[in-house]
Amino acid sequence: MTSLTLVRRIKARPSIVFDALTTVEGIANWWGPDAGPVLAAETDPRVGGRFRVRFRMLDGSEHESSGEYIDVVKPERLTMTWRWTGGVEDPGESLLEFRLRAVADGTELTLTHSGLHDDETRRSHEHGWTGALDKLERHFLVIERSPL
Amino acid sequence: MVNYSERLDRTFAALVDPTRRAILARLEREDGASVSALAQPFAIKLPAVMKHLDVLGDAGLITRSKIGRTVTVRLRPEPIREAMGWLRRYERFWSQSLDRLAAYVERKEAEARKKRR
């Protein structure tokens, strides 16, 4: 298992950010890595509700992900399961969490996408692995930089 | 031919163990080490270290070469680069999506303030 954390300061109040994360209109305006369109979005932001988003990238490829909301606290926290669906690529289920903290000029958003690589070995070692993650990522980076 | 996803499985499975990560970290500092030198800092027996080296070797994370009676182990960084590349795809996806999210909500915030006036 490995995870990704991104922190952003955004000049908008948490409730506006939260709506952008949970409404179809909001998602249609930002979801996806380039200016390609969101083709379909469904949300039901309550515990047990589901989401599904399909988008097309500028290279023409289409991607879809879906999952279930498992923690919804407006406007502070949103957690959902995540799985790439409707395509050939399925690395299994992962966990996506948004945390919104009110700061002076808006919101500090922390995104954590964890459990990105799921397999049996990981499950049996989960305990020891989770704490070592940061070290591992640093290790990755060090190796990446070394002139081998 | 082992496919991309299976290679990632092997890489992550190999990296899951702290002893194996320690071995890799050491091989990153030293360009090549003998099996006995690698085993020396660990409170485990040589056969156990050999097993860890087999896992690392199967994952393509190390190479072993024998000269005389000495087996020299070296780091092979390609699988880790590949795993990093895989992780970066997620990073790009979210980083660029969040850029767009920020632009969108900052526009919404400006509109909300205008309405209030």
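This one's a predicted model, so the numbers in the text were calculated from it and none came from an experiment. Order of the sequence lines sets the chain letters (A, B, ...), proteins ahead of strands, with each chain counted from 1.
- Of the atoms belonging to A:Phe18, not a single heavy atom falls under 4.5 Å from chain B.
- Proximity to chain B is limited to the backbone of A:Asp34, based on heavy atoms less than 4.5 angstrom apart.
- Proximity to chain B (any heavy atom under 4.5 Å) is shown, for A:Arg13, by both the backbone and the side chain.
- Under the 4.5 angstrom side-chain criterion for Ile, Leu, Val, Met, Phe, Trp and Tyr, the cluster partners of A:Leu95 are A:Ile70.
- Here CG of A:Leu4 is found 12.0 Å from CZ of B:Arg92. Values are rounded to the nearest 0.5 Å.
- Interatomic distance, CD of B:Glu111 versus CD1 of A:Ile16, reported as 9.0 Å (0.5 Å rounding).
- With rounding to the nearest 0.5 angstrom, the OH atom of B:Tyr90 is 11.0 Å from the CG atom of A:Leu96.
- Follow the hydrophobic side-chain contacts under 4.5 Å out from B:Leu53 and you reach B:Leu46 in the same cluster.
- Applying the side-chain contact (heavy atoms from CB on, under 4.5 Å) test to B:Arg100 and every residue at least two apart in sequence or in another chain returns A:Trp30.
- B:Met50 and B:Ile44 fall within a single hydrophobic cluster, where Ile, Leu, Val, Met, Phe, Trp and Tyr are joined by side-chain heavy atoms under 4.5 Å apart, directly or via other members.
- Hydrophobic clustering (side-chain heavy atoms under 4.5 Å, transitive across Ile, Leu, Val, Met, Phe, Trp, Tyr) groups B:Phe42 together with B:Leu27.
- Taking A:Gly32, A:Ala20, A:Ala35 one by one and counting their heavy-atom pairs under 4.5 Å with chain B, the maximum is reached by A:Gly32.
- Hydrophobic cluster membership is shared by B:Leu98 and A:Ile27, with clusters built from Ile, Leu, Val, Met, Phe, Trp and Tyr side chains linked at under 4.5 angstrom.
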Give every donor-acceptor pair under 3.5 Å between a side-chain atom in residues 104-112 of chain A and any protein atom, sequence neighbours left out.
{"from": "A:Thr107", "atom 1": "OG1", "to": "A:Ala12", "atom 2": "O", "distance (Å)": "2.5"}
{"from": "A:Glu108", "atom 1": "OE1", "to": "A:Arg101", "atom 2": "NE", "distance (Å)": "3.3"}
{"from": "A:Glu108", "atom 1": "OE1", "to": "A:Arg101", "atom 2": "NH2", "distance (Å)": "3.4"}
{"from": "A:Glu108", "atom 1": "OE2", "to": "A:Arg101", "atom 2": "NH2", "distance (Å)": "3.4"}

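- Using modelled atom types, no side-chain atom of B:Ser97 and backbone atom of A:Trp31 make a donor-acceptor pair closer than 3.5 Å.
- One hydrophobic cluster, built from ILVMFWY side chains closer than 4.5 Å, cannot hold both A:Val24 and A:Val53; they sit in different ones.
- Among residues 101-109 of chain B, the residues having any heavy atom closer than 4.5 Å to a heavy atom of chain A are, in sequence order, B:Leu101, B:Ala102, B:Tyr104, B:Val105, B:Glu106, B:Arg107, B:Lys108, B:Glu109.
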